[in-house]
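All values below come from the heavy atoms of this structure, side chains included, with hydrogens, waters and symmetry mates left out.
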Amino acid sequence: MAPSLRDLQLTPVSGGGRKHPADEESGDLEDVRLLDAYEDGNSENLTFDEERLRRIQEEDIKIAIEDAGFEAEVLPEPSTTRTNPKGTLVGQFTIGGMTCAACVNSVEGILRDLPGVTTAVVALATSMGEVEYDPTVISKDDIVNAIEDAGFEGSLVQSSEQDKIILGVAGISNDLDAYLLEGILGNMKGVRQFCFNRASRELEVLFDPEVISSRALVDAIEGGSIGKVKLHVKNPCTRMTKKDTEESSKMFRLFTASLSLSVPIFFMGVVCPHIPLLYALLLRQCGPFQMGDWLKWALVTVVQFGVGKRFYIAAGRALRNRSTNMDVLVALGTSASYFYSVCALLYGAVTGFWSPTYFETSAMLITFVLLGKYLESLAKGKTSDAIKKLVELAPATALLLIKDKGGKSVGEREIDALLIQPGDVLKVIPGSKVPVDGVVVWGSSYVSESMVTGESTPVLKEVDSSVIGGTMNLHGSLHVKATKVGSDTVLSQIICLVETAQMSKAPIQKFADFVASIFVPTVVAMSLVTLLGWYFGGVMGAYPEDWLPSNGNYFVFALMFSISVVVIACPCALGLATPTAIMVATGVGANNGVLIKGGDALERAQMVKYVVFDKTGTLTQGKASVTTARVFTGMERGEFLTLVASAEDQPMILAPFMAQASSEHPLAKAIVEYARHFHFFDEPSTTKDTQNRSKESKFSSWLLDVSDFSALPGRGVQCFIDGKQILVGNRKLMTENGICIPTFAEDFVVELEESAKTGILVAYDSALIGVLGVADPLKREAVVVVEGLVKMGVKPIMVTGDNWRTARAVAREVGIQDVRAEVMPAGKADVIRSFQKDGSIVAMVGDGINDSPALAAADIGMAIGAGTDIAIEAADYVLMRNNLEDVITAIDLSRKTFSRIRLNYVFAMAYNVIAIPIAAGVLFPWLKIKLPPWAAGACMALSSVSVVCSSLLLRRYRKPRLTTILEITVE
């Protein structure tokens, strides 16, 4: 932390001052930045007197540094954390102890009421919370403390800050080793704070990224310990998986402990009466009670207040937050059974009238509830398998090439993949995975991207080709320069999308939240009515005394029904019905190349009535090719093509004054490719990465310099060459600039358009000089996907900026009846809104920047994965495979998911509606069906497990076959 709100940038002056030694990561600034903090005595933490340092004038510091022979300039303090535009951070926290939707609502309310917290979302299925907060108002520790003060377990998993790293430590065997580690960190420049947990062997370090990088930090620690200490970076997702495993293990231990204590109680009550010797021992008088009573009391007390302590803690926490949950019901039911049995024993010892005790009810009830919790934790762990598989795609280590000052490789070293920095050159050997996103700088190989994009065909990667982290290198060795690392990689963004979707709440969840808010009070009221009804019914003679158990009375008879009502009611099943299904669905979607951004998008997609398709790059392949070039003047064909290509190729040449920086449209690329082929008789590039760079020097020799370039969305491009204006575009562009289109030229363009080609007009120096005909073939699956959507009851619509004739020809070919042509990018959003007027749900499928307004306006935006980042950002679904069949998959998966959610709700509601009356004894007068409390507890425990297992059936989802949708019989 800086001593003031500003930092100083220092530049050595030749001939003056001394050169400060510094390591490779911190540079010359490192020694000077020691002004940030200084050691106070022998304290291990770096501290400073902020108020005193603030009194030092910045100008005085500047003058002092200049007197020492340096140049100084006062600059604003650089941010060491990554914040969003609003200046807030996003943190993920684990929240333990939540059992139902009421707990979720309670925690969310507490977090949202904290000062500085913008938004807070809590997910029951993952036991996670995502909080957006202002770090200047509230810290991460404050949020964790608020969670713990509410009675829940809280800990930070990760945040958007870049100044914290958690390391696993090996090699610490005694206190001396720990002191060595602390000494190294205490003397390290740039380390602000650290904490070493000896139990978990985890080292948490808060550092200044401006002074030292994470890799330099790790290298310094390992080097300072002379190799004794070995470190590896802890992946937050891996740590969460470990927490899930620990939670399941904890539940299993509690269950086995409760079972081992409950079995003897059950044995004494059921088996021992049939074994005379053992039964005689249990009936032996020992003080005021029999030996069996003492044993039951002792064993059940351990179960009730030892193993079952968690239920009392959770119930107390809920009541303290003025809410109720399942733990309240369990604590209430088991306590009623336990304390009644204790009172019955004491009453018998005083009066000599011995009533039956129900210690086994309390013990067996807790045992069955813990069994249900254990099975539930196992099942919930399965719902997050998708994220675990995505995390496992990234390799744990990478081979870093070490280079000398001349850039020549002199060796290689294995490093943790999470320590890779932008600009590192990595070696990827055959059969290994690409560690991060990057660009190939040496070598050639085929890479399988199926694990990320879903494309099964390996892709050729050569020099200048981009590669995605997590993909598999199949054949040759590659040297890859890292361009995106950490949270910026494609794989990390996919994981982030899936996590965000699993954290989100579908609107249907509001129903469960409402029911949860009134569920427990309603059940407690019903239990009280049951108790009073049976008790006063018996007292008033409404039922015969022979219904009572031996040595029983009306109160005990009524109490057992009441306890059964309390413990059989299950709010957990309702709370888990939606989030578990959404978790599984988002994971299944990711495995099938369909990324879903949230539960609300998943819910809306099931009700889609219209699907609006963009034409170019969505219905078509986006690989347009020039089929015709006709010149109407005496200009040479080569000169004509040179003029047009110069106005369409700036991004391919990367020169600031050579044609169009914004013309990324497939038609522009097709024109440039055609002109290049005409001049050099060269074959079109086979890969999209090499076509922009491999011939760069050759291109620059024949293209003309352009000036005043501008791209006109929906019309074309314009620029000046040799001081004369050139226009390349459609009729609208020509008309706006007063260019006359002769009849013969118009007839030629009409002929092109009626054959599903796009006619591009070219004007130079205020005269039409020629026309290009461009064809963009349909995607092979386009026709069957459109027909499949019609079979599913969804109406397909095509919207394009192309002319009406071409649009109608393409629509005719693909089978779309409703067409909107000559639509500007902003007009596409208006088309979407026109279909939404009657309340219909509209989906938009697009891939380009010009589609982003429509994607944002649509109820469901679906971006083709090969499209632009802006389109993907605006969409609700991302189709990674760039295949239109995934539109059907997205809609079908949404329908299947919400069918499963409705089934979950029906089961959860039906269970409670049927089970509570049976537990209350409604059927007892006629069928003599009486549900013991321990059996009611077993039913309650298994009900939530069954809902989670129902959601897990979505893992068996298979993408719909078009032959099935279209009712095609394959012989």
Side-chain angles (χ1 to χ4, degrees), residues 96-103 124 127 247-263 265-266 299-319 324-341 358-381 516 519-520 523-524 527 560 562-576 908 911-912 915-916 918-919 931-949:
M98 296 188 298
T99 56
C100 62
C103 299
L124 174 63
S127 297
E247 179 66 18
S248 297
S249 299
K250 179 181 177 182
M251 282 298 167
F252 182 72
R253 288 194 301 271
L254 288 173
F255 165 67
T256 52
S258 182
L259 182 64
S260 61
L261 294 169
S262 300
V263 166
I265 299 172
F266 181 80
L299 292 172
V300 173
T301 300
V302 175
V303 174
Q304 184 75 30
F305 301 106
V307 178
K309 178 179 65 175
R310 65 184 309 277
F311 296 112
Y312 285 101
I313 294 174
R317 152 206 312 155
L319 294 174
T324 52
N325 58 15
M326 187 209 73
D327 296 298
V328 173
L329 297 179
V330 174
L332 190 62
T334 56
S335 296
S337 176
Y338 175 83
F339 287 111
Y340 165 77
S341 299
Y358 294 92
F359 283 120
E360 67 280 356
T361 295
S362 170
M364 296 301 292
L365 180 55
I366 290 175
T367 301
F368 280 117
V369 171
L370 290 173
L371 172 62
K373 286 293 178 185
Y374 169 63
L375 296 176
E376 182 183 318
S377 65
L378 289 179
K380 283 164 64 177
F519 188 88
V520 174
V523 170
V524 172
S527 174
M560 290 301 104
S562 178
I563 293 174
S564 294
V565 169
V566 167
V567 298
I568 203 170
C570 184
C572 299
L574 282 169
L576 292 169
Y911 163 79
N912 285 292
I916 291 177
I918 293 176
L931 203 61
W934 64 266
C939 293
M940 182 270 286
L942 295 176
S943 65
S944 56
V945 176
S946 61
V947 167
V948 177
C949 291

Run the side-chain contact (heavy atoms from CB on, under 4.5 Å) test on Tyr911 and Cys939 for me, step by step, so that the C-alpha distance in whole Å, both residues' side-chain angles and the decisive distance to 0.1 Å come before the verdict.
CA-CA 9 Å; Tyr911 163 79; Cys939 293; 3.7 Å; yes
Partner of Arg310 by side-chain contact (heavy atoms from CB on, under 4.5 Å), out of Val330, Leu254, Ile366
Leu254
Contacts of Ser341 meeting side chain to side chain donor-acceptor pair (under 3.5 Å) (sequence neighbours excluded), chain-then-number -> none
Residues that Leu332 engages under side chain to side chain contact (heavy atoms under 4.5 Å, CB included), provided they are two or more places apart
Val524, Val566
Evaluation steps, side-chain contact (heavy atoms from CB on, under 4.5 Å), between Leu329 and Val567
CA-CA 6 Å; Leu329 297 179; Val567 298; over 6 Å; no
Tell me every residue that passes side chain to side chain contact (heavy atoms under 4.5 Å, CB included) with Leu259, counting only those two or more places apart in sequence or in another chain.
Phe255, Val263, Thr367
Do Phe519 and Asn912 have side-chain heavy atoms sitting under 4.5 Å apart?
yes
Restricting to side chain to side chain contact (heavy atoms under 4.5 Å, CB included), what partner residues turn up for Ala908, sequence neighbours left out?
Ala573, Leu574
CD1 of Ile916 to CD1 of Ile568: how many Å apart, nearest 0.5 Å?
8.0 Å
Residues passing the ring pair (Phe, Tyr, Trp, His ring centres under 6.0 Å) test with Phe305, sequence neighbours excluded, are Tyr312, Tyr338
Measure the CD-CG distance between Glu360 and Leu365 for me, rounded to the nearest 0.5 Å.
11.5 Å
Pro932 side chain near Met560 side chain, heavy-atom distance below 4.5 Å
no
Residues which pass ring pair (Phe, Tyr, Trp, His ring centres under 6.0 Å) with Tyr374, listed by chain and number, not counting sequence neighbours:
Phe252
Where is the tightest heavy-atom contact between Ala936 and Ser564, given as atom of each residue plus distance?
CB-O, 3.7 Å
By ring pair (Phe, Tyr, Trp, His ring centres under 6.0 Å), Tyr340 pairs with (sequence neighbours left out) none
Test log, rule side-chain contact (heavy atoms from CB on, under 4.5 Å), inputs Val369 and Phe311
CA-CA 10 Å; Val369 171; Phe311 296 112; 3.5 Å; yes
For Ile563 and Gly333, which heavy atoms make the closest approach, and how far apart are they?
CG2-O, 3.7 Å
For Met364 and Ser262 the tightest heavy-atom approach is SD-CB, 3.8 Å
Please identify each residue that fulfils side chain to side chain donor-acceptor pair (under 3.5 Å) with Thr334, with sequence neighbours left out.
Gln304
So which atom in Ser248 and which in Ser377 form the shortest heavy-atom distance, rounded to 0.1 Å?
OG-OG, 3.4 Å
Taken in chain and number order and not counting sequence neighbours, the residues that satisfy side chain to side chain donor-acceptor pair (under 3.5 Å) with Ser943 are none
Hey, does the side chain of Thr361 reach the backbone of Ser337 with a donor-acceptor pair shorter than 3.5 angstrom?
no
Between CG of Leu370 and NZ of Lys250, what distance do you get to the nearest 0.5 Å?
11.0 Å
Note: Ala331 and Ser335 closest approach over all heavy atoms is O-OG, 2.6 Å
Checking Ser249 now: which residues fulfil side chain to side chain contact (heavy atoms under 4.5 Å, CB included) with it, not counting sequence neighbours?
Thr245, Arg253
Is there a donor-acceptor pair under 3.5 Å between the side chain of Ser258 and the backbone N or O of Val303?
no
